[in-house]
Protein chains: 2
Amino acid sequence: MRNRFPSSRPAGQRATISDVAAAAGVSKATVSKFLGGNKNYYIASETRERIAKAIEDLQFAPNAIAQGLSNRRTDTIGVIVASITNPFYPELIAGVEEALGGSEYTLLLGSTDEQPAKEAALVRSMLQRRVDGLIMAAVTMDDAEVSRLVDTDVDVVLASRGLDTTLADTVVIDNLTGARQAVEHLLGHGHRRIAHLAGPADVVPFRYRIEGYREAMADAGLDGDERLVASGNPAEAMTALLTLPDPPTAVFVANDRMAIEVLEFCAGRGIEVPQELAVVGFDNVWVGRLSGVGLTSVDSKARAVGRKAAEVLAGRIRARHADTVQLPAPPERTVLQPELVIRRSCGCVAGEKDDDAPDRSFF
Amino acid sequence: MRNRFPSSRPAGQRATISDVAAAAGVSKATVSKFLGGNKNYYIASETRERIAKAIEDLQFAPNAIAQGLSNRRTDTIGVIVASITNPFYPELIAGVEEALGGSEYTLLLGSTDEQPAKEAALVRSMLQRRVDGLIMAAVTMDDAEVSRLVDTDVDVVLASRGLDTTLADTVVIDNLTGARQAVEHLLGHGHRRIAHLAGPADVVPFRYRIEGYREAMADAGLDGDERLVASGNPAEAMTALLTLPDPPTAVFVANDRMAIEVLEFCAGRGIEVPQELAVVGFDNVWVGRLSGVGLTSVDSKARAVGRKAAEVLAGRIRARHADTVQLPAPPERTVLQPELVIRRSCGCVAGEKDDDAPDRSFF
DNA sequence: CTGAAAGCGCTAACAA
DNA sequence: TTGTTAGCGCTTTCAG
């Protein structure tokens, strides 16, 4: 195997710009200009060739760390999600990657496992690593913390879990409307006792989903029974709900993760879904599409949210690095519309309205 | 809100070690020693306090990029997976994070979408970013490419997709045995016409799964019918298989992603699983556990593989950075044993042997 | 115990 | 068109 490092440095050590300069008989500056590509530096085509050859010979690739230090930008963006194993987030990440497609950005990833301490540590770590921007798809921080974050020199966009804040760019879906749609659909099926299995109240979207539930119930003149709002471990919550004197005939669950557990709970107890209990989830994770699952759910557009978040962030970064110095534009808030996807678990006839592309593969 | 940057630099600019040094009335070198923590530098406790105060006042956090340049290590490890939306990989990533738990490592993530070109680009990008190590859970490279990669100064471990190579540390499961178990189980159910839906042949594990299938069939004196080995789009492949003159009564599918599509295909065609067609998958992705799915599958231990890969890698990095210079140990190959997890789709009675912890949440 | 100085690999004025 | 020089922010000898 021929030695790929003909320079004087020991094997396994990568060539530097100085090696290239020496090999090409030019200065580092010239090589650097050659690398810069974009800026219209003038450099003799003959020199250009010599440099290209040296680079090729030495298998040189610029050290991005050194470039980062000098350029004050790393072409890296951080993505912090709540739970990498919840299929909602890989989908969101895929959206981010999609949007960043051709660009030179690389993703620094972190999963908080829903732990605020881990979230804080990840933010710190990414800031120290000088990411150019940060997409937060896990936010348990309060406004003060967000504002401190926004005060730094990295651009931040809050995705999906976004707070109410107007401090930072935000990409969310309309959780309130989504929740209303779900509950209204259940009302349309004739249900009157509709429960809500809520998510942790320290996560903003869950608060809106509760509110949407309450509004829809109130509009139907069915509000007031707080016993119908449960939370915590799905199995336990369902047990409590179903042993109520006047148990619910339907439940709107705050996300699909929990909704699937409700389905499993019912399967385990021999409770027929949707006959004995109708179930509607939230997120429309791909699993719900499986014919053996058939979960009706509000699509929270994970991929689109990720894509949009990345676009907004890229725009910010571009603006920041633009030559023309100007005040940053005020935070931008994008609200995507969710969409109720109807399947079996709500009581609709199978296939009635399920318009999923049947040939699309699952993952 | 009080200004968090009392130094002279403009808001939004982070304090540097020089700012701290100035504020504490010491030199950068001393501050750096203070930061180093571990090495037993002697520094007066009074100075120590002044520095600590300055750091606190200035909200100083060292620039990891600059540290990286100086230290020649970034405390970052790259993870390249084949497809972030295939639940197998988030699980593997979770294993990596688990193992890296307390340490200061951060993950640089990339998903290749099974495209060799993207894989190459990601490797390049991560190398340029000077990751300390690389976990490749997507390898379509050949030995030559791997060897070139191993020749660099980053430690590489091949996880799950590992080649046959002995050039790099590898953590895999015993795919051949796993496949044999699957097929033997089907044989035990009395099946004689067992098909195999194979994965892309350029991915090593899939080749072993085919081989395991062939061996098991041969051992049962059932080899020879190559028409039973299909590949490509699951729906099309199944259609072809089922229109054979002597169609299979069971199919061993190379991974759960495809197995699930087979299940959907059957549901769509009204083909009863397992009565008309028994199905066994590979990976034991959590989805298969759902009561509405019940997919019998060979567990490929994604989490354990991720964990082990991270441990091996961390060990390598530690060794490389150790003061005592020594020849690197030869590549280490870890082979984890897969495990057949039995559910409905193979023909076993539901619940018969499904020993999943029933209360474990899904994701 | 502390500091001066050199250097990690690259970029960006500014000269030449 | 090319080279010189001075950093980017931190670490690490090596002298005090």
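Chain letters run A, B, ... following the sequence lines, proteins first and then strands; every chain starts at 1.
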>> So if I take residues 125-133 of chain A and measure heavy-atom distances to DNA chain C, which residues fall below 4.0 Å?
In response: none
> B:Val26 near the nucleic acid: base, sugar-phosphate alone, or nothing, with a heavy-atom cut-off under 4.0 Å?
Replying inline: sugar-phosphate
>> I want to check one thing: is the phosphate of C:dT2, taken as OP1 and OP2, less than 4.0 Å away from some side-chain N or O of B:Thr30?
In response: no
> Does B:Gln67 place a side-chain N or O at less than 4.0 Å from the phosphate oxygens OP1/OP2 of D:dG9?
Replying inline: no
>> Looking only at side-chain N and O atoms, does A:Thr106 offer a donor or acceptor that is under 3.5 Å from a partner on B:Arg129?
In response: yes
> Under 3.5 Å, is there a donor-acceptor pair between the B:Thr140 and B:Glu119 side chains?
Replying inline: yes
Between [atom2] of [N] and [atom1] of [X], the distance in whole Å:
X	N	atom1	atom2	answer
A:Arg72	D:dC8	CZ	C1'	6 Å
B:Asn71	C:dC8	CG	P	13 Å
B:Asn63	C:dC8	CG	C1'	13 Å
A:Phe34	D:dT2	CZ	P	12 Å
A:Ile17	D:dG7	CD1	P	19 Å
A:Arg73	C:dC10	CZ	P	18 Å
B:Ile65	C:dT11	CD1	P	14 Å
B:Leu69	D:dT12	CG	P	12 Å

Between protein and nucleotides 4-7 of chain C, what N or O pairs are separated by less than 3.5 Å?
from  : atom 1 : to      : atom 2 : distance (Å)
C:dG7 : N2     : B:Ser70 : OG     : 3.3

>> Salt bridge check, A:Glu46 against A:Arg50: does any charged N sit closer than 4.0 Å to a carboxylate O?
In response: yes
> Is B:Arg320 salt-bridged to B:Asp155, cutoff N-O under 4.0 Å?
Replying inline: yes
Heavy atoms only: give me the nearest [X]-[Y] pair and the separation to one decimal.
X	Y	answer
B:Thr16	B:Phe60	C-CE1, 3.5 Å
B:Asp132	B:Arg73	OD1-CA, 3.3 Å
A:Val31	A:Ala21	CG2-CA, 3.7 Å
B:Met126	B:Gly110	CE-N, 3.8 Å
A:Ala94	B:Thr85	CB-CG2, 4.1 Å

Within the side chain of [X], is there an N or O that forms a donor-acceptor pair under 3.5 Å with the backbone of [Y]?
X	Y	result
A:Arg316	A:Ala329	yes
A:Thr74	A:Arg130	yes
A:Thr334	A:Glu332	no

Nucleotide nearest [X] when distance is taken to its side chain, options [options]:
X	options	answer
A:Phe60	C:dC10, D:dT1, C:dG3	C:dC10
A:Thr47	D:dT2, D:dG9, C:dG3	D:dT2
B:Leu35	D:dT11, C:dT11, D:dT1	D:dT11

>> Dot-bracket, 5' to 3', for DNA chain D please: Watson-Crick or G-U pairs under 3.5 Å, [ ] where pairs cross earlier ones, | where the partner sits on another strand, dots elsewhere.
In response: ||||||||||||||||
> If you find the nucleotide of DNA chain C closest to B:Ala66 and the one closest to B:Gly25, which residue's nucleotide is nearer the 5' end?
Replying inline: B:Gly25
